[in-house]
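Residue numbers run from 1 in the order of the sequence given. Owing to the predicted nature of the structure, the values given are computational and were not obtained by experimental measurement.
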Amino acid sequence: MKKVNNHQVKWMLAAAALSVLAYSFWYSAPWLKLCYGLALFLFGMQCIEEGLRNAAGGTLERLMAKSTSTPAKGLLFGIGATFILQSSTLVSLLTIAFLSTGLITLAGGIAVILGTNLGATSGIWLLAAAGQSISLSPVAVPMLVFGILAGLINSKGKTIGRVLVGIALIFLGVDAIKDGFQTLGGQVDFSSVNAGGVAEIAIFSAIGLFLTIVLQSSHATLILTLAALAAGQISVAQGFAVAIGSNVGSSISTAFVGMLGSDRSGQRLALAHLLFNAVTAVLSLLLWLPLTKLVTFTAQLTGMGGLLQLALFHTLFNGLGLAVFWKLQNRLAAQLIKWLPEKEERAHLLPEGHEPVRALHLNHNMLRSGETAIRSVFKEIGHLNAVSLEAICHVLFIPVEKLYEEQTDADEALQPPKPPLNLDAQALYESQIKPLYSEVLDFASKIDMEGEEQQQQLSTAYTAAFQMVEIVKESKHLQKNMQLHLQQPDSPAFRDYMRLRRHLFKTLVLFRRISALAAYSEEWFGQAALLSKHIDTLENFRARTLVKLRKKEIGGWETSSLMNDINYARRIGLGVQEIINLTGAQPARKEQERQEAAFV
């Protein structure tokens, strides 16, 4: 019997779901109208997000780095960014990505998350005001036309056009959703649900939670709620409960992406977002009567309709959560670090056997911003460098743990390796280095560039990764002679290869030391000068080899091998120098810009 794999099962389930959805469209025209409006709304949101992000270029990254130095600035940034992009989930995921690359601190990220929840209420006010009794289609149609025409002009016009098209689609979607609910009014009426009291609140909170997880947009859930409220299909209290559930649902979506697609720092912020929304929801349910009474009292004073009452309730309970968490940001950050401590680093990065090394810092969430994506690439190049150093240690028959000894003395005489020396350097390269390098290239090819500066940074990253792979290739050429002479203590070239092995190991140690230092610091310059001087000693090695040949201490065959291997050692050293200069310059310049921006 033929086995069905997971991929086939997914396709079968997707086909079944689409078939059911298609049948439901055929069965109910009002339901089709409702789903059509929702699809327009969601696609319009995507168009606006994409257009505004392209228009902002690197501005969003610079603003975030500058606007998280204090909790108040972080809060205002979260409110402003969510108001502009109209997506708390997008801003939250961008914040997680920025935190994972070290652009902001955990406490700063928590402040932004608090701001996103408050900023999300602005969209509900706009939707509630627009959804009262006004048809937006007359405005949407010409806006759609102008948006499409603007996209034909140039890249800037395309960005503006994308935003106009998105707004137009949202307007059309809102009208379609309202029409769909009004038509469905005779078929479905949630306001007549028999459950009452706590059970009713729980049911509609669960509906809001479920819809937001499925639609991946709290805005979409709330526009459905507003339309159902306008059509009289749900009561105002039921709408309040849906709003609470949608808030929790948005944080669950963010937490799922953040926990799976981020490092420890990103996971902490995703958990903070989930905790904030969950605690806020619980408090809102506990204080249900005071909050609803306050909204009702305000509505009586101002003549506020049901739609605006929902927007007010949404703002009140998010403000309640902000008031509770505002003074607890630093304590929450410290607690999250305890709950999710840094993962213990493995003694060796290279796995046993032929299992390929996987990327540590590349995930889809980082691609949401060109800045975070490029920083992730440079972090992953650091991982590639570390793995490559271990691979070169294997090629030189040096125990990898020697590389990680705290007080490694690179000039200390290495003990001769114990025979037999069995290693296939080519197999090691194919199974470990090449797959990781390929992951870096694949990820980098997906980055959406935002200007010439980022193009240059990516080019630098490509060069650094390529150079490290070339260094590993150079080291492979050393293996044959190392294997031959290091197993023969009586060989005339044994001491020379022991010396060359020690020289290469010192190159690796210096490279690792310099990579851990702040670029262009005094210590960095000192170690870089030491590396340069160390590489130059190969000329003395070469001269000493020729002297030994004249004295007939070694033969022409051994001399030829040594001269070739000295050249490989020099190429490795020069390649290491180039990588240090390439990768060191990027973080140093970015950190300087960040500090200058924070100072301003």
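Both tests hold for K476 against Y429: distance to the six-membered ring centre under 6.0 Å, angle to the ring axis within 45°.
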Q.
Does R375 form a salt bridge (charged side-chain N to carboxylate O under 4.0 Å, His left out) with E380? I'd like the steps, not just the answer.
A. CA-CA 9 Å; R375 278 180 166 263; E380 193 57 45; over 6 Å; no
Q: Report the C-alpha distance between Q467 and Y462 in whole Å, list the side-chain angles of each, state the deciding distance to 0.1 Å, and finish with yes or no for side-chain hydrogen bond (donor to acceptor under 3.5 Å, both in side chains).
A: CA-CA 9 Å; Q467 188 62 254; Y462 278 130; over 6 Å; no
Q: Please assess Y568 against H477 for the test ring pair (Phe, Tyr, Trp, His ring centres under 6.0 Å), listing each intermediate value before the final yes or no.
A: CA-CA 8 Å; Y568 291 133; H477 297 298; 4.8 Å; yes
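Annotation: R331, atom CZ; neighbour count of heavy atoms from other residues, nucleotides and ligands within 6.0 Å does not exceed 12. By the neighbour-count criterion of 12 heavy atoms within 6.0 Å, atom NZ of K158 is sparsely surrounded, having that number or fewer from other residues, nucleotides or ligands. With a 6.0 Å radius and a threshold of 12 heavy atoms from other residues, nucleotides or ligands, N567 has its CG atom above the threshold. The number of heavy atoms from other shown groups lying within 6.0 Å of CZ (F494) is above 12. Annotation: F541, atom CZ; neighbour count of heavy atoms from other residues, nucleotides and ligands within 6.0 Å is above 12. The number of heavy-atom neighbours closer than 6.0 Å to CD of E523, taken from other residues, nucleotides and ligands shown, is 12 or below. For R542, the CZ atom is densely surrounded, since the number of other residues' heavy atoms within 6.0 Å is greater than 12.
The side-chain contact (heavy atoms from CB on, under 4.5 Å) test with I433 singles out one residue from S388, S438, P356, and that residue is S388.
Side-chain atoms of S459 do not come within 3.5 Å of backbone N or O of Q455 as any donor-acceptor pair. Side-chain atoms of R268 come within 3.5 Å of backbone N or O of L340 as a donor-acceptor pair. Using modelled atom types, one side-chain atom of Q487 and one backbone atom of L421 make a donor-acceptor pair closer than 3.5 Å. The main-chain N or O of H534 is found under 3.5 Å from a side-chain atom of T537 such that the two form a donor-acceptor pair. Judged by distance alone, with hydrogens and angles left aside, the side-chain atoms of S521 form no donor-acceptor pair with the main-chain N or O of L517 at under 3.5 Å. Under a 3.5 Å cut-off, the side chain of S560 and the backbone N or O of W557 do not form any donor-acceptor pair.
With respect to the salt-bridge test (charged N to carboxylate O, under 4.0 angstrom), the residues R499 and D496 qualify. Using a 4.0 Å cut-off between a side-chain N of Lys or Arg and a carboxylate O of Asp or Glu, R571 and E474 qualify as a salt bridge. Here R570 pairs with E539 in a salt bridge; the nearest charged N to carboxylate O distance falls below 4.0 Å.
Nearest heavy-atom pair, E439 versus V357, reported as atom, atom and distance to 0.1 Å: OE2-O, 3.9 Å. In terms of heavy atoms, F276 sits closest to F325 at CD1-CD1, 3.3 Å.
Counting heavy atoms from C-beta outward, E558 and H485 have side chains that approach closer than 4.5 Å.
Ring-plane geometry between H383 and H361 is classed as perpendicular, the angle between the planes exceeding 60 degrees on a 0 to 90 degree scale with a lower cut at 30.
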